[in-house]
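Within every chain, numbering begins at 1; the chains are lettered A, B, ... in the order of the sequence lines, protein sequences first and strands thereafter.
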2 protein chains.
Amino acid sequence: MDSINSMILKCLQENARMSNSEIGRRVGMSSPAVSERIKKMEDAEVIEGYKTFVSPFKSGYQLKALITLRAFMGMLKPFLEKVKTYDEVVNCYRITGNENIVMEVVLKNQEHLESFIDQLITYGETKTQIVLSHVVKHSEIKPV
Amino acid sequence: MDSINSMILKCLQENARMSNSEIGRRVGMSSPAVSERIKKMEDAEVIEGYKTFVSPFKSGYQLKALITLRAFMGMLKPFLEKVKTYDEVVNCYRITGNENIVMEVVLKNQEHLESFIDQLITYGETKTQIVLSHVVKHSEIKPV
DNA sequence: GGTGAAAGCATCTGGTG
DNA sequence: CACCAGATGCTTTCACC
């Protein structure tokens, strides 16, 4: 992990679809050299993947919420499997403290929110916070 | 937004660096047609961007946390500007309720967590939850 | 890590339904 | 208007230095 790899990661975090030769131009290197460095970072799992951000709003989801779950005794493990299958859950974190889970979810409307929360009550107590705005959206990781 | 665009979005969400011709092969279309459809979805802001996921762990951040902030009177607005400048903040949501803000932050170690929280106390009261695991990581948006 | 040839890809153009 | 097919110029890949 040298300064050139950091510059490559900066380019790719800004725009994952940037071509290797464009990256090469910016970092002062040939495109095969860039390609090889990227491949090594993928193999080392420094790069975990390339994702496209799709607007939930424009895709028919009018509501975003953070839902906190405090799982009932013995229900955390089954929930951790189940949560992977919910289309509504964009992100899910397991956390320390009395509350075990925080999820970022997208929903069509209030009715959808209600029915989604109903699905959760078998697993634990929930707390819902509606997201008013996503102030910082996946800002880039800067190497230490 | 027809079924072909949905298939294109599925490909791009799975791997943002997939080539247009590979997408074309999967959806049964020529690459110029795919390219044009992608361009239109970018213009319509259905596609918000293409981002690379870099491992915070492999980048020197040993801790991830969710920090909730309850802003002091008159401090929310200045905080909403300030938060964009913190390298530690990967995501920041403004939410309803007594607590105004939830942030996903990456930190080098406990010391770094402490100094980061110290920076926040001028803006409000904080609550910190350490992330044990990121169970679901930016799962794809499925069109309604 | 660079270079050069060959294959593959993106983009533009003109033409079709 | 959306798509395809063919031509052109980039890009990627792989051999080799």
Side-chain angles (χ1 to χ4, degrees), chain A residues 1-62 87 108 137-144, chain B residues 1-60 137-144:
Chain A
M1 271 302 299
D2 58 5
S3 75
I4 292 182
N5 275 4
S6 298
M7 286 164 74
I8 292 173
L9 286 181
K10 190 171 183 327
C11 292
L12 285 174
Q13 286 188 91
E14 188 187 315
N15 174 14
R17 277 173 81 78
M18 192 179 290
S19 72
N20 293 348
S21 41
E22 174 60 27
I23 296 169
R25 250 168 259 131
R26 298 194 185 192
V27 308
M29 229 180 217
S30 69
S31 78
V34 171
S35 167
E36 202 177 319
R37 277 166 175 267
I38 291 175
K39 176 121 194 35
K40 278 183 186 158
M41 289 194 283
E42 286 169 359
D43 292 345
E45 289 173 308
V46 174
I47 293 173
E48 295 179 340
Y50 308 99
K51 301 216 177 176
T52 295
F53 279 58
V54 172
S55 165
F57 232 74
K58 305 262 163 113
S59 303
Y61 297 97
Q62 300 305 313
D87 284 355
K108 283 178 251 183
K137 208 174 276 189
H138 195 79
S139 83
E140 68 175 274
I141 302 280
K142 283 151 200 92
V144 176
Chain B
M1 271 301 301
D2 57 5
S3 74
I4 292 181
N5 275 4
S6 298
M7 286 163 74
I8 292 173
L9 287 181
K10 190 174 183 326
C11 292
L12 285 174
Q13 287 188 90
E14 186 188 315
N15 175 15
R17 277 173 83 76
M18 193 180 290
S19 72
N20 292 349
S21 39
E22 173 60 27
I23 296 169
R25 246 168 262 131
R26 298 193 185 195
V27 307
M29 229 182 217
S30 69
S31 80
V34 171
S35 167
E36 205 177 315
R37 277 168 176 266
I38 291 176
K39 175 126 192 33
K40 277 182 188 161
M41 289 193 282
E42 286 169 0
D43 292 345
E45 289 173 311
V46 175
I47 291 174
E48 294 180 340
Y50 308 99
K51 301 212 176 177
T52 294
F53 279 57
V54 172
S55 163
F57 231 74
K58 303 261 164 116
S59 303
K137 207 174 273 187
H138 195 78
S139 83
E140 70 178 89
I141 302 280
K142 283 151 200 92
V144 176

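- Out of C:dG1, C:dC9, D:dA5, the shortest distance to the side chain of A:Ala33 is found at C:dG1.
- We find that CD1 of A:Ile4 is positioned 6 Å from P of C:dG1, with the value rounded to whole Å.
- Of the listed nucleotides (C:dT11, D:dA2, D:dT12), D:dA2 has the atom at the smallest distance from the side chain of B:Arg37.
- Using a 4.5 Å heavy-atom cutoff, the side chains of B:Val34 and B:Arg37 are not in contact.
- Of the possible donor and acceptor atoms, none in the side chain of A:Lys51 sits under 3.5 Å from a partner among the backbone N and O of B:Asn15.
- In this structure, B:Lys137 forms no cation-pi arrangement with B:Phe53, as its terminal cationic atom is not both closer than 6.0 Å to the ring centre and no more than 45° off the ring axis.
- Distance, A:Glu22 CD to D:dT12 P: 10 Å, rounded to whole Å.
- Between A:Ser30 and C:dG2 there is a side-chain N or O to OP1 or OP2 distance below 4.0 Å.
- Phosphate contact (OP1/OP2 of D:dT11, side-chain N/O of A:Arg25, threshold under 4.0 Å): present.
- When the nucleotides C:dA10, D:dC4, D:dT13 are ranked by their closest atom to the side chain of B:Ser31, C:dA10 comes out on top.
- No contact: A:Arg17 has no heavy atom under 4.0 Å from any strand.
- Between B:Glu42 atom CD and C:dA10 atom P the separation is 13 Å, expressed in whole Å.
- Minimum atom distance to the side chain of A:Ser19 is reached by D:dT12, of the listed C:dT11, D:dT12, C:dC9.
- The backbone N or O of A:Val54 sits nowhere less than 3.5 Å from a side-chain atom of B:Gln13 that would complete a donor-acceptor pair.
- For B:Ser35, whose side chain is taken as the heavy atoms from C-beta onward, the closest listed nucleotide among D:dT12, C:dT11, C:dA10 is C:dT11.
- Each of C:dC9, D:dT12, D:dC4 was ranked by its minimum atom distance to the side chain of A:Asn20; first place goes to D:dT12.
- Closest to the B:Lys40 side chain, of the nucleotides C:dA10, D:dA2, C:dT3, is D:dA2.
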